Amino acid sequence: MKKIFQHIKGDRTIWAIFAALAIFSFMPVYSASTNLVYGVGVGSTFGYLVKHMVLLIMGFAVLYGVHKIPYRYFSGGSVLMMPVVIVLLIYTLAQGTMISGANASRWIRIPFVGIGFQTSTLAGLVLMVFVARYLARNKEKEVVFKQSLIQLWLPVGLVLFLILPANFSTTAIIFTMILVLVFVGGYPLKYIGFILATGILALSFFVLIAKAFPDAMPNRVQTWQSRIVSFSSTEGKEAYQVEKAKIAIATGGPLGVGPGKSIQKNFLPQSSSDFIYAIIVEEYGLIGAVSVVFIYFLLLFRVFVVLRTTTTVFGMLLVIGVGLPIVFQATINMAVATSLFPVTGQTLPLISSGGTSIWMTCFALGMILSVSASKQETEEDILDDNPLDILHETI
């Protein structure tokens, strides 16, 4: 056991949180997969369990590999990844895919593997690191708004614009997290207000264009609108999902009906992903619900612990930029399941089924662990890091 721990660096509590969420996820995913097997008629429950196990093992490999990389490489790496992300997003919008007969232009199919990959999740992670890099490099400089528009907000705006047509909720979450990050990073508040107003105006303009030319982006604006309207309505698909989630939560009681004994999983669409928290509450009761919330709260606490021990501005901003979105996404997922927020399609990190969510969460945790394990990085090493040098070292 000692030999194993010798290879594991960084905050041990974060490692324990990953292990706890990953191990716990098996039962809810296995239980909720019966909806896909008997309701949709696809695959087998054991097959979904094995797939989830493989995805988690791959996620662990990502986590382990990333946490071994000195975090200064992520600074220049984000610059190298920006063009890649933009090309992937354009490709995703251009070809998209169909899932159960529905338009799902947020996914691409990984060749030879046959697994869907959600490019917007990767884009969000790269964007947060990119913004952290910009803020760290300009920490001691007076912000010139016109320069920051070109160096920071133009790339950010382009990526968000490419995500928006297919995934409004992810765009909103990334934009919100970026505003939080730039606020923490000392970006002038008056400029943040201007960027927020510009974002709202851009969204309004996009909605008007989409309504004027509905054939260009079929069903997207209507989907957003229906979700918001049905949040306070008693009819429609979203209202049906929320109603079944409420029944599942009410059925759970203090102790739950027991692992695998959920009834609502057979009627609740997306029971293994978007609404898995409702199934957890039904099967494990209030104790299970509070335990899951506590684990994510503990993760948030450990993020702030890592912040206190970080010796560089980039390290601090990196931890905030990739750590807070995990907890924020978990909060939104649980809020949707408990009918406190409109349906968004956000998964519960490390618990819901889905490879992209698991891998990107592990990548983010790996970066946090890399920061917590590093005691030798200096501000000069990071700020002087040339992306081309990183590419040369990698090759």
Side-chain angles (χ1 to χ4, degrees), residues 14 18 55 58-69 71-89 92 106-108 110 116-136 152 155-164 166-167 169-182 184-185 299-300 303 306 314-330 332-333 345-350 352 354-372 387 390:
I14 293 179
F18 166 78
L55 292 175
M58 294 172 68
F60 173 78
V62 170
L63 174 63
Y64 181 82
V66 171
H67 105 286
K68 289 287 190 180
I69 301 172
Y71 73 88
R72 65 184 179 88
Y73 287 108
F74 303 132
S75 173
S78 66
V79 178
L80 296 174
M81 283 299 297
M82 283 295 286
V84 176
V85 162
I86 291 171
V87 170
L88 283 175
L89 289 173
T92 304
R106 63 185 68 176
W107 299 87
I108 58 174
I110 301 176
F117 186 82
Q118 193 168 347
T119 50
S120 58
T121 309
L122 171 63
L125 191 62
V126 172
L127 263 189
M128 298 308 293
V129 182
F130 180 82
V131 173
R133 170 189 169 85
Y134 173 85
L135 294 170
L152 174 63
V156 168
L158 178 59
V159 172
L160 291 179
F161 177 76
L162 292 172
I163 298 174
L164 178 61
N167 201 331
S169 60
T170 298
T171 307
I173 289 174
I174 295 172
F175 185 55
T176 302
M177 290 292 96
I178 287 175
L179 292 180
V180 171
L181 184 59
V182 296
V184 174
L299 176 60
L300 179 63
V303 165
V306 173
F314 174 72
M316 180 191 74
L317 294 173
L318 177 66
V319 170
I320 294 174
V322 302
L324 286 187
I326 298 174
V327 181
F328 190 61
Q329 181 181 329
I332 289 178
N333 177 277
Q346 297 298 315
T347 57
L348 193 58
L350 293 178
S352 295
T356 309
S357 175
I358 291 172
W359 298 336
M360 292 302 103
T361 301
C362 288
F363 204 109
L365 290 177
M367 287 193 279
I368 296 173
L369 289 168
S370 175
V371 175
S372 67
I390 293 177

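Numbering starts at 1 and runs along the sequence shown. A quick note: this is a predicted structure, and the numbers were derived from the prediction, not measured.
- Closest heavy-atom contact between Trp359 and Val62: O-CG1, 3.9 Å.
- Across every non-hydrogen atom of Pro83 and Leu80, the tightest pair is CD-O, 3.3 Å.
- With contacts defined as side-chain heavy-atom distances shorter than 4.5 Å, the pair Tyr71/Leu369 does not qualify.
- Distance check, rounded to the nearest 0.5 Å: CZ of Phe18 to CG of Leu299 gives 12.0 Å.
- Considering only heavy atoms from C-beta on, Val66 comes within 4.5 Å of Phe74 through its side chain.
- Contact between Ser357 and Pro349 at its shortest, heavy atoms only, is OG-CA, 4.4 Å.
- Taken from CD in Gln118 to CG in Leu88, the straight-line distance is 13.0 Å, to the nearest 0.5 Å.
- Taking CD1 of Ile86 as the reference point, atom CG of Leu158 lies at 4.5 Å (rounded to 0.5 Å).
- Note that OG1 of Thr176 is 7.5 Å distant from CD1 of Ile332, once rounded to the nearest 0.5 Å.
- Ser352 and Thr347 share no donor-acceptor pair across their side chains, judged by distance under 3.5 Å alone.
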Could you go through Thr170 and Gln346, starting from their C-alpha distance and side-chain angles, then the distance that decides it, and tell me whether this counts as side-chain contact (heavy atoms from CB on, under 4.5 Å)?
CA-CA 8 Å; Thr170 298; Gln346 297 298 315; 3.2 Å; yes

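- Scanning both residues, Leu152 and Val131, for their nearest heavy atoms gives CD1-CG2, 3.9 Å.
- When side chains are defined from C-beta on, Ile326 counts as touching Leu365, because their heavy atoms get closer than 4.5 Å.
- Side chains of Thr356 and Thr121: no donor on one and acceptor on the other come within 3.5 Å.
- Considering only heavy atoms from C-beta on, Leu125 comes within 4.5 Å of Met367 through its side chain.
- The two atoms that bring Val129 and Ser78 nearest to each other are CG1-CB, 3.7 Å, heavy atoms only.
- The minimum heavy-atom distance linking Met82 with Phe130 is given by the pair CG-CD1, 3.7 Å.
- With sequence neighbours excluded, the residues that form a side-chain contact (heavy atoms from CB on, under 4.5 Å) with Ala123 are Val85, Leu89, Val159, Ile163.
- Between Met177 and Leu181, the closest side-chain pair of non-hydrogen atoms is not below 4.5 Å.
- Applying the side-chain contact (heavy atoms from CB on, under 4.5 Å) rule to Val87 yields no partners; only residues at least two apart in sequence or on another chain are considered.
- Rounding to the nearest 0.5 Å places CG of Leu324 at 6.5 Å from CG of Leu300.
- With sequence neighbours excluded, no residue satisfies side-chain hydrogen bond (donor to acceptor under 3.5 Å, both in side chains) with Ser370.
- The distance from atom CG of Leu318 to atom OG of Ser75, rounded to the nearest 0.5 Å, is 9.0 Å.
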